[in-house]
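This report refers to the structure that appears directly beneath it.
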Amino acid sequence: MTECIYCFNPAHDMALANNTSFYKAPDEIMRMAYDLAVLPGWYAGKGKVKINEWRQVELLRSQLGSGELFPEAEWTVQWESGRYMPWGWNPALLHTLRLAGVDEGFLLTDSQMKRIRELSGRQQCVAIQEAMREIQGVCGESCVCKSLRDVHCCMSEVGEVVLKAPWSGSGRGLVRVSSATWTESVEGWIGRILRTQGEIMAEPLYEKVCDFAMEFFADGAGNLFFIGYSLFDTDTHGNYKENRLLDDDRILQLLSSYVPVDLLLDVKIELMDRLSSMLKSDYRGYFGVDMMVCRQNGSYCVHPCVEINLRMNMGIVAHVVNRSLVHSRSEGYFRVEHYPVRGEALETHCSMKERHPLQLSDGRILNGYLSLTGVDADTRYQVYIIIAERE
């Protein structure tokens, strides 16, 4: 079997929105890609991970040693020929691999790339949402607007709406607006999205109680495999903050305080059937479907398809980390941190190590703090976990 080569390209969503081979990510996103390049090592198994320089691995090794917690992955600084499993496929990455001389037999064709972009658009949620309405206890709808008039019509029907660019980065490309809060700036933003992407999504504003997701793997032959549940938090702008490190039974137990477990299982079965028909053999890789528990008319319901992330995501990484590193008697948090000031990451890292010393049992983490990415004085982005034994 051909060895897989993993790489972390967090500019993926923005590159899809740009939709050219020559997209250049903002410096801040390039910094994230550099600082977190070793992250795929935690889910790649014995596969290869593309890094920027050997120093990134050496830094992680200096923190972890070469013991049982260090990833099994091989590391490479070259773009080699092999079957790639990037964070996500986009035209810019495909162009980079071609320029690097990667054998075309390992790459997507242009038509395959075009299809993946189509499947990655938020428009795909509409049909899923419509199909799910037959399940009692489900909410969620959205519409595709092709003009300013369509947006105004939607607002007149539902009041305040959330507008979403069909393709955008996580937490970006979203605007909350109503007739009362409409401005020239909002109208200009809508016009730009319509000119560059052709459409814009509009959906009612829901009273969210919590975010969660269902995570999957598609084998490229029309078969889907359920990976697990993801319970996560976002900030007020929708940017990802952290995942809870819990097994699936515990996540279901927490969600069942709002909605019946049977409802979640019904949603999963219907969703897998719809997604299998949608993806067919056009996509191979991990992906997730973001969902919400919402409060509506005095009771709770499930929004089963807020977004389809046709790429790897932090929820799947957290799931793998929980399964492979965390002791069965413990739980915790998986966090992505940004440090705007030089030296802040290293100072925080040293403080966390002192305040939460690592304690292992049976080769797994029972208590403590562990950075999953290297930290030094120049680090601006970090992924770490903090674990505590359940009382």
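All residue numbers refer to positions in the sequence shown, counting from 1.
Considering only heavy atoms from C-beta on, Leu246 comes within 4.5 Å of Leu254 through its side chain. The shortest distance between side-chain heavy atoms of Leu163 and Met155 does not fall below 4.5 Å.
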| message | Working note: Ser111 + Thr109, criterion side-chain hydrogen bond (donor to acceptor under 3.5 Å, both in side chains); need CA distance, chi angles, decisive distance, verdict. | response | CA-CA 5 Å; Ser111 61; Thr109 64; 3.1 Å; yes
| task | Applying side-chain hydrogen bond (donor to acceptor under 3.5 Å, both in side chains), run through Ser230 and Asn243 and close with a yes or a no. | result | CA-CA 7 Å; Ser230 168; Asn243 258 87; 2.8 Å; yes
| query | Checking salt bridge (Lys or Arg N to Asp or Glu O under 4.0 Å) for the pair Arg364/Glu68: CA distance, chi angles, key distance, verdict? | reply | CA-CA 9 Å; Arg364 291 173 179 262; Glu68 53 198 337; over 6 Å; no
| task | I would like to know whether Ser276 and Asp273 meet side-chain hydrogen bond (donor to acceptor under 3.5 Å, both in side chains); could you show each step before the answer? | result | CA-CA 5 Å; Ser276 179; Asp273 182 59; over 6 Å; no
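Residue pairs satisfying the salt bridge (Lys or Arg N to Asp or Glu O under 4.0 Å) criterion with at least one member in residues 207-230, sequence neighbours excluded, are listed as follows: Glu207-Arg295, Lys208-Asp211. Note on residues 138-165: pairs passing salt bridge (Lys or Arg N to Asp or Glu O under 4.0 Å), not counting sequence neighbours, are Lys146-Glu199, Glu160-Arg176, Lys164-Glu203. Legend: ring-ring contact (aromatic ring centres under 6.0 Å, His included) pairs involving residues 115-168, not counting sequence neighbours, sorted by first then second residue: His152-Trp182.
Side-chain heavy atoms closer than 4.5 Å link hydrophobic residues (I, L, V, M, F, W, Y) into clusters, and following such links, even through other members, never connects Val162 to Val126. Hydrophobic cluster membership is shared by Leu36 and Tyr240, with clusters built from Ile, Leu, Val, Met, Phe, Trp and Tyr side chains linked at under 4.5 angstrom. If you chain together hydrophobic residues whose side chains sit under 4.5 Å apart, Met352 and Leu69 never meet in one group. No continuous path of hydrophobic side-chain contacts links Ile227 to Ile269 [ILVMFWY only; heavy atoms under 4.5 Å]. Taken together through direct or relayed side-chain contacts under 4.5 Å among Ile, Leu, Val, Met, Phe, Trp and Tyr, Leu194 and Leu174 form parts of separate hydrophobic clusters.
Counted by atom type alone, Tyr34 and Glu53 present one or more donor-acceptor pairs between their side chains at under 3.5 Å.
Across every non-hydrogen atom of His327 and Ser361, the tightest pair is CD2-O, 3.1 Å. Closest of all the heavy-atom pairs between Gln136 and Leu263 is O-CD1, 3.3 Å. Shortest non-hydrogen contact noted between Gly88 and Leu93 is O-CD2, 3.7 Å. The minimum heavy-atom distance between Ser81 and Gly101, with the atom names listed, is OG-O, 4.0 Å. Across every non-hydrogen atom of Leu372 and Val38, the tightest pair is O-CG2, 3.9 Å. Shown here for Ile316 and Phe287, the closest heavy-atom pair between the two residues is CD1-O, 3.8 Å.
Salt-bridge formation is detected for the pair Arg122/Glu307: a Lys NZ or Arg NE/NH1/NH2 atom is positioned less than 4.0 Å from an Asp or Glu carboxylate oxygen. Taking a cutoff of 4.0 Å between a charged side-chain nitrogen and a carboxylate oxygen, Glu58 and Arg55 do not qualify as a salt bridge. Glu344 and Arg380 are not joined by a salt bridge, as no carboxylate oxygen comes within less than 4.0 angstrom of a charged side-chain nitrogen. Residues Arg329 and Asp362 are not paired through a salt bridge, judged by the lack of any N-O separation under 4.0 Å between the basic side chain and the carboxylate.
In terms of modelled atom types and a separation under 3.5 Å, the side chain of Asp110 and the main chain of Met113 share no donor-acceptor contact. Here the side chain of Gln129 pairs a donor or acceptor atom with the backbone of Ser142 at under 3.5 angstrom. Between the Gln124 side chain and the Glu118 main chain, a donor and an acceptor come within less than 3.5 Å of each other. Between the side chain of Asn367 and the backbone N or O of Glu389, at least one donor-acceptor pair lies under 3.5 Å. Listed for the Gln123 side chain is no donor-acceptor partner under 3.5 Å among the backbone atoms of Pro166. At distances below 3.5 Å, at least one donor-acceptor pair connects side-chain atoms of Ser120 with backbone N or O atoms of Ile116. Judged by distance alone, the side chain of Ser256 and the main-chain N or O of Val261 form no donor-acceptor pair under 3.5 Å. A donor-acceptor pair is defined here as one N or O able to donate and one able to accept, closer than 3.5 Å; such a pair exists between the side chain of Tyr84 and the backbone of Glu80. Judged by distance alone, the side chain of Ser257 and the main-chain N or O of Gln253 form no donor-acceptor pair under 3.5 Å.
In this structure, Phe217 and Phe225 have tilted ring planes: the angle between them lies in the 30° to 60° band. Tyr206 and His303 have perpendicular rings, their planes meeting at more than 60° on a 0 to 90° scale where under 30° would count as parallel. Between Tyr369 and Tyr384, the angle of the ring planes lies from 30° to 60°, which puts this pair in the tilted group. Relative ring orientation between Tyr43 and Tyr286 is described as perpendicular, the plane-to-plane angle rising above 60° on a 0-90° scale split at 30° and 60°.
Between Phe232 and Tyr229, the distance from one ring center to the other does not fall under 6.0 angstrom.
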